[in-house]
Protein chains: 2
Amino acid sequence: MQYFDRAAILQMDRNFRVNLVNTLSGYKPANLIGTLGSDGVENLAIFSSVVHLGSDPALLGFIQRPVGEQSHTYKNIIENGFYTINHISLAHLQQAHETSARFAKNISEFKACGFTPRYALGFTAPFVQESVVQIGMRLVQEVKIELNDTRLMIGQIEHVFVQDGLVDSDGSLRLEDGQVACIRGLDTYCQAMRVARFPYAKANPK
Amino acid sequence: MQYFDRAAILQMDRNFRVNLVNTLSGYKPANLIGTLGSDGVENLAIFSSVVHLGSDPALLGFIQRPVGEQSHTYKNIIENGFYTINHISLAHLQQAHETSARFAKNISEFKACGFTPRYALGFTAPFVQESVVQIGMRLVQEVKIELNDTRLMIGQIEHVFVQDGLVDSDGSLRLEDGQVACIRGLDTYCQAMRVARFPYAKANPK
């Protein structure tokens, strides 16, 4: 096996380290976060750090990198209080990836990258019309992680829109049938194919 | 589209809600966390909430559910300070899923589920020999999330072992070639196939 210790990771070329460490957690979800600023400009940005926090109440988190001038998503969420999480399909990978570019604040990535903002039910953040799963979120807590100046942004699920036919009889979403993508590292996109499902596991000590 | 609001989610049958909300974040990584208790008993448990927190320092987090009598992974990490994160391959899905059963504290899931503990470099937590990516972690911070009694457990990467041939020239791990799985919801396992890679995105306002 190849081996790297902490010292080797520290001393790596920056790009090599970023690519390595970004693949070490495994496959990641592929989401677009949609927001609306107090200036009336929409923002759309790709995130691969959305994580399930609990089902009752239904909470999702995501990791916000150190906040700077370019952190339009963060600023809009703090100002507005609401945001959307939208799944990325295989048909829109390049457009979704392009939202990671540093667009000026007065540019909407919806327009620049070819997505359609959708407003519904008086919700103040734009959903992505092209997404087969669109979730309306309310910010409920911002947890600062002093170690590296990141934040765990915690939101409560307010609205869920799912393309017809994707909700299984047990509540699961058949993401594969919606051609939902996943991400490996910083820039590689994958299609997931279902290979196995197992019943609730019970201990049977040997 | 099908629509669920917050009230509908609250009122759902519990299993339906758990399945739905667990698929709402998208695809999830498939990892086994290996620990060693002060009683000398190893523990191995499947987690789908490992998240990249930063590359410099190299940090990974995972979500610990509300701690109870059965939280052997948590107890061992607190006692020991070290743990391992190991990727799950398609060849070991059923065994990996079985680690989620409620085994008694004196039972090692390595033994009960058919994995081989591997000790290396004096590290006090067991790696999973069957995994193509094995990461040695040191707990650096436990962030309590009062909202739902969960915790973000933050660890620093101390050791990385990767199967020969999986590290690309740019540092990325070719997880697909290692047959690394991903998870959809609570119990469905998927194979990921690379479909696209894009260069670093640059803004080109239209």
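A, B, ... follow the sequence lines: proteins, then strands. Residue 1 opens every chain.
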Hey, does the side chain of [X] reach the backbone of [Y] with a donor-acceptor pair shorter than 3.5 angstrom?
X: His87(A); Y: Leu24(B); result: yes
X: Asp187(B); Y: Pro199(A); result: no
X: Asn31(B); Y: Ser25(A); result: yes

May I ask you to test the [X]-[Y] pair for a side-chain heavy-atom distance under 4.5 Å?
X: Arg6(A); Y: Gln156(B); result: yes
X: Val162(B); Y: Met1(A); result: no
X: Val143(B); Y: Leu152(A); result: no
X: Phe4(B); Y: Val167(A); result: yes
X: Ile9(B); Y: Val160(A); result: yes
X: Lys28(A); Y: Pro29(B); result: no
X: Leu175(A); Y: Tyr27(B); result: yes
X: Met193(B); Y: Cys190(A); result: no

Distance-minimising heavy-atom pair for [X] and [Y]:
X: Lys202(B); Y: Ala101(A); answer: C-CB, 3.3 Å
X: Ala201(B); Y: His97(A); answer: CB-O, 3.7 Å
X: Thr23(B); Y: Gly171(A); answer: OG1-O, 4.3 Å
X: Val21(B); Y: Gly54(A); answer: CG1-O, 3.8 Å
X: Leu93(B); Y: Ala196(A); answer: CD1-CB, 4.1 Å
X: Val18(B); Y: Ser55(A); answer: CA-OG, 3.9 Å

Top of [options] for chain A proximity - count of heavy-atom pairs under 4.5 angstrom:
options: Leu186(B), Ile88(B), Ile154(B), Asn15(B); value: Ile154(B)
options: Arg184(B), Gln94(B), Glu158(B), Arg14(B); value: Arg184(B)
options: Ile183(B), Leu53(B), Leu90(B); value: Leu53(B)
options: Val133(B), Ile157(B), Leu166(B), Asp13(B); value: Ile157(B)
options: Gln141(B), Arg174(B), Glu176(B); value: Glu176(B)
options: Ile135(B), Thr150(B), Leu60(B); value: Ile135(B)

Relative to chain B, which of [options] shows the most heavy atom pairs under 4.5 Å?
options: Leu147(A), Asp5(A), Val50(A); value: Leu147(A)
options: Ala7(A), Ser172(A), Gly61(A); value: Ser172(A)
options: Thr188(A), Leu173(A), Val132(A); value: Leu173(A)
options: Leu10(A), Val180(A), Asp164(A); value: Asp164(A)

Quick check: are there more than 12 heavy atoms from other residues, nucleotides or ligands sitting under 6.0 Å from [atom1] of [X]?
X: Arg194(A); atom1: CZ; answer: yes
X: Arg65(B); atom1: CZ; answer: no
X: Lys144(A); atom1: NZ; answer: no

Close aromatic pair by centroid cut-off 6.0 Å: Phe198(B) and Tyr189(A): yes
Are side-chain N/O atoms of Gln134(B) and Tyr3(A) paired as donor and acceptor at under 3.5 Å? no
side-chain contact (heavy atoms from CB on, under 4.5 Å) for Arg17(B) and Asp56(A)? Distances and angles first, verdict last. CA-CA 8 Å; Arg17(B) 177 176 54 238; Asp56(A) 190 11; 3.4 Å; yes
Which bit of Ala30(A) comes within less than 4.5 Å of chain B, counting heavy atoms only: side chain, backbone, both or neither?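 Nothing of Ala30(A), per the 4.5 Å heavy-atom cut-off to chain B.
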Is Ser169(B) close to chain A through its backbone or its side chain, or both, or neither, when contacts mean heavy atoms under 4.5 Å? backbone
Which bit of Ile63(B) is near chain A, if near means a heavy-atom gap under 4.5 Å: side chain, backbone, both or neither?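 The side chain, not the backbone.
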